[in-house]
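Order of the sequence lines fixes the chain letters, A, B, ..., with proteins taken first and strands second; residue numbering starts at 1 for each chain.
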2 protein chains.
Amino acid sequence: MVTIYDIAEKAGVSAMTVSRVINNTGRISEKTRAKVKRVMDELGYVPNQMARSLVLQETRLLFLMITDITNPFYTTLARGAEDAAKKHGYRLLFGNTDEDLEKENDYIDAVLKTRADGVLLAPAGDASLPHLEMLRRHRVPFVLLDREVPGMDSDVVLGDSKEGARQLVKQLVGGGHRRIALINGSRTISSARERLEGYREALKLNDLEYDEALVLETSFGPRSDLTGIEAWLDRMRPLPTAFVAGNNVLAVELMRSLRSRGLRVPEDVSLVCFDELASYAEMDPFLTVISQQAYQFGHLGMQMLLDRIRSRDEPSPAWRKVVLPAELIVRRSVRQL
Amino acid sequence: MVTIYDIAEKAGVSAMTVSRVINNTGRISEKTRAKVKRVMDELGYVPNQMARSLVLQETRLLFLMITDITNPFYTTLARGAEDAAKKHGYRLLFGNTDEDLEKENDYIDAVLKTRADGVLLAPAGDASLPHLEMLRRHRVPFVLLDREVPGMDSDVVLGDSKEGARQLVKQLVGGGHRRIALINGSRTISSARERLEGYREALKLNDLEYDEALVLETSFGPRSDLTGIEAWLDRMRPLPTAFVAGNNVLAVELMRSLRSRGLRVPEDVSLVCFDELASYAEMDPFLTVISQQAYQFGHLGMQMLLDRIRSRDEPSPAWRKVVLPAELIVRRSVRQL
DNA sequence: GATTAATATGTTACCGATAACTCTAAATTA
DNA sequence: TAATTTAGAGTTATCGGTAACATATTAATC
């Protein structure tokens with residue numbers, strides 16, 4: 001590998017002079033600058049980022065940890081984060097945790113070893129707390145996305161889950177539905193809790209009774225729990241006329257199960273959910289959804305993270321909690337009873 | 001930040017002893033090992049990967065460059081690559097080029113600066129050649145995915161595009177179709193060329209004439225060229241009875257355009273394509289597709305890359321070109337004429 | 001008990017860059 | 001002309017680790 005010393009020798013100057021040319025610092029005569037540049041081109045020199053990082057004590061490397069790389073909500077979010085990072089000259093390392101605490105732990109470890117300048121993460125759940133404490137302890141700035149973790153104050157970008165759930169239920173009630181089920185993620189995830197809460201509130205508001213049997217707590221994640229869904233559907237009789245799904249993955253899995261029983265949406269049952277499906281599924285968008293600004297989650301979160309990094313040495317300002325409003329998009333998956 | 005020197009001092013040993021404990025090298029008495037470990041825990045020590053990399057001359061960092069992070073083909077591929085990398089103790093840095101040569105160039109630059117141990121990439125096109133030459137020049141092992149680049153010998157994992165196109169056309173011909181259009185990616189991309197070639201061969205085999213007007217060359221990428229598609233559809237009269245789409249993105253965009261003209265698939269026109277849509281779109285899978293083993297692309301490609309890295313110093317064996325067979329999955333998007 | 005071997009640990013140099021300081025020669029000022 | 005600036009370099013130490021070699025114990029052998 002070519003180093004600045006190789007350049008320096010061939011150009012007949014000191015390594016420091018080469019460093020100055022590279023970074024445009026200090027005073028260099030045009031003549032030597034040109035000579036050094038020519039030699040650099042000749043030898044195909046590329047600076048060694050690690051050596052720089054070691055002495056500069058910053059890596060210009062950020063980490064984004066998401067829980068499901070095949071979920072379009074998260075890939076869109078990733079694009080937003082990437083765009084913002086790139087604009088400010090940071091590189092972005094992705095990690096895919098699959099909602100798995102152990103994988104998350106491995107990635108946290110990688111973050112610390114790599115000395116990343118900051119982390120953007122959608123935590124696997126409340127049990128991510130020790131991971132966050134680890135980051136805090138090592139003074140790695142981080143911003144949470146989509147989910148809060150009780151017991152840890154930090155910057156966080158959230159969607160308005162409670163309000164979203166309320167609106168979805170309201171939409172169903174408006175369609176004449178009174179027996180409304182909820183299939184949701186684990187209660188160890190703040191957004192799932194909020195959605196459950198919004199669901200309950202909306203029921204109450206409409207004088208509908210909360211029936212525990214109509215609520216299934218499973219996983220937001222990519223590993224489907226089809227047998228759990230099947231069993232749940234078997235237990236509920238009569239079947240509810242409408243379903244709320246806590247996210248897009250659950251909506252799809254529920255639809256699969258319904259379809260296998262010969263039930264069509266919306267003819268036989270109605271269905272609404274959080275988050276858009278893949279853009280490729282939108283050839284024929286028919287699900288009524290709460291559409292969250294996925295790109296903004298990543299973009300805004302990244303800006304907040306960069307703010308923290310920039311002001312790392314200053315007395316840290318109060319934590320910022322941004323709640324992005326979500327939009328109800330009415331399509332054709334709710335039947336008017 | 002805590003360093004091995006802090007540990008060493010507090011444990012009353014030398015830095016080297018600490019290093020030995022960390023890496024389990026050399027001989028260390030159980031007593032000192034325990035003492036050092038205790039101090040490490042106490043201070044919350046995490047090794048500095050950069051410092052290690054600098055002296056070891058390896059980063060254990062790999063790069064995966066894909067052309068569209070929102071395309072499920074690539075995210076599934078990414079998962080395959082990630083799984084394989086993780087298993088061997090490597091971390092994986094993702095880059096999203098959006099089929100854009102300039103972005104690709106930026107990422108190549110990042111790879112070199114970071115001194116990544118290897119690269120897995122789906123090149124933006126034939127014009128990626130200089131980027132690959134750059135990698136070769138700097139002795140960075142790489143494996144191409146999904147696309148070849150003329151003029152550059154290397155390991156590569158491809159799908160059988162030609163055969164896939166043949167099968168898709170055959171399927172349509174079998175349905176009685178004789179006027180078959182093709183919407184394809186840019187001819188600067190090897191897989192697009194292969195697909196065109198397969199399409200032409202299949203037409204010939206079935207005594208159908210190749211009509212240039214029935215072929216649209218646009219982009220595989222995420223930035224839609226809707227007006228181009230609209231104009232193309234306007235030009236063709238009568239409209240073909242069937243379409244082959246060069247990938248999933250194009251299939252979706254074409255369907256949108258068709259839908260906006262009130263044309264339904266398969267009632268009014270038939271449509272087949274390469275690659276599955278998002279798994280979330282598979283609630284109701286109805287497109288007949290050539291399904292490629294996306295996960296295998298990433299997984300196998302990563303294994304090949306790791307092989308190269310391991311044998312970097314040995315005389316390099318011949319380049320390996322793996323062609324993964326693709327499977328025709330017949331669904332309901334082709335109408336029997 | 002002296003010599004040798006094995007075990008446990010320390011020292012030094014280096015990976016590739018940059019910060020902080022120093023030095024030299026030319027340019028400017030008094 | 002001597003004193004002072006200033007432009008344009010060079011020197012040295014350092015970031016946090018590890019390899020290679022050196023050294024000090026302890027154990028084994030004769």
Identify each atom pair where a protein N or O and an N or O of nucleotides 4-7 of chain D are less than 3.5 Å apart, giving names and distance.
residue: D:dA7; atom: OP2; partner: A:R27; partner atom: NE; Å: 3.2
residue: D:dA7; atom: OP2; partner: A:R27; partner atom: NH1; Å: 3.0
residue: D:dA7; atom: OP2; partner: A:R27; partner atom: NH2; Å: 2.9

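With hydrogens and angles left out, the side-chain atoms of B:T70 and B:D68 include a donor and acceptor closer than 3.5 Å. Using a 3.5 Å distance cut-off with no hydrogens or angles, the side chains of A:Y74 and A:N96 do not pair a donor with an acceptor. In this structure, a donor-acceptor pair under 3.5 Å is absent between the side chains of A:S219 and A:E99.
With hydrogens and angles ignored, the 3.5 Å screen pairs a side-chain donor or acceptor of A:N48 with a backbone N or O of A:M50. The backbone N or O of A:Q57 lies less than 3.5 Å from no partner atom in the side chain of A:R52, so there is not a single donor-acceptor pair. Side chain of A:T32 to backbone of A:I28: no donor-acceptor contact under 3.5 angstrom is found. At distances below 3.5 Å, not a single donor-acceptor pair connects side-chain atoms of B:T114 with backbone N or O atoms of B:A116. Between the B:E104 side chain and the B:A124 main chain, a donor and an acceptor come within less than 3.5 Å of each other. For B:R139 (side chain) and B:R136 (main-chain N/O), no donor-acceptor pair under 3.5 Å exists by modelled atom type. Side-chain N or O atoms of B:D117 include one that pairs as donor or acceptor with a backbone N or O of B:T59 at under 3.5 Å.
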Side chains of residues 36-44 of chain B: which donor-acceptor partners sit under 3.5 Å, not counting sequence neighbours?
residue: B:R38; atom: NH1; partner: B:E42; partner atom: OE2; Å: 3.4
residue: B:E42; atom: OE1; partner: B:K10; partner atom: NZ; Å: 3.2

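With sequence neighbours excluded, the residues that form a ring pair (Phe, Tyr, Trp, His ring centres under 6.0 Å) with B:Y295 are B:H299. With sequence neighbours excluded, the residues forming a salt bridge (charged side-chain N to carboxylate O under 4.0 Å, His left out) with A:D106 are B:K86, listed by chain and number. When the side-chain contact (heavy atoms from CB on, under 4.5 Å) test is applied to A:L144, the partners found at least two apart in sequence or on another chain are A:L121, A:P123, A:L132, A:F142, A:V149, A:S154, A:V156. Looking at residues two or more places apart in sequence or on another chain, you find a side-chain contact (heavy atoms from CB on, under 4.5 Å) between B:S311 and B:E314.
Side-chain rings of A:F94 and A:F63 stay apart, their centers remaining 6.0 Å or farther from each other.
If you check residues 50-60 of chain A against DNA chain D, the residues with a heavy atom closer than 4.0 Å are A:L54, A:V55, A:Q57, listed by number. Within residues 11-21 of chain A, the residues having any heavy atom under 4.0 Å from DNA chain C are, by residue number, A:M16, A:S19, A:R20. Taking a 4.0 Å limit (strictly below) on heavy-atom distances, residues 106-114 of chain A does not reach DNA chain D anywhere. Looking at residues 28-35 of chain A, you'll see A:I28, A:S29, A:T32 sit with a heavy atom under 4.0 Å from some atom of DNA chain D.
No more than 12 heavy atoms of other residues, nucleotides or ligands shown are found within 6.0 angstrom of CD on A:E9.
When the C1' atom of D:dG16 is taken as reference, atom CD of B:E9 falls 15 Å away, rounded to whole Å. Rounded to a whole Å, the CG atom of B:N23 is 7 Å from the P atom of D:dA19.
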### Query
Taking it one step at a time, do B:T67 and B:R147 satisfy side chain to side chain contact (heavy atoms under 4.5 Å, CB included)?
CA-CA 11 Å; B:T67 59; B:R147 302 163 178 193; 3.7 Å; yes
### Task
Verify salt bridge (Lys or Arg N to Asp or Glu O under 4.0 Å) between A:D109 and B:R91, making sure each step is shown before the conclusion.
CA-CA 11 Å; A:D109 213 58; B:R91 278 158 305 145; over 6 Å; no
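With hydrogens and angles ignored, a donor-acceptor pair closer than 3.5 Å exists between the side chain of B:Y5 and the base of D:dG17.
Ion pairing between A:D155 and A:R308 holds under the 4.0 Å rule for side-chain N and carboxylate O.
Between B:Y45 and the phosphate of D:dG17, there is a side-chain N or O to OP1/OP2 separation shorter than 4.0 Å.
On the nucleic acid side, DNA chain C contacts chain A at distances under 4.0 Å to non-hydrogen atoms, with the end points of that region at C:dG16 to C:dC21.
Overall bending of the helix from C:dG1-D:dC30 to C:dA30-D:dT1, expressed as the angle between end axes built from five pairs apiece, is 50° (10° steps).
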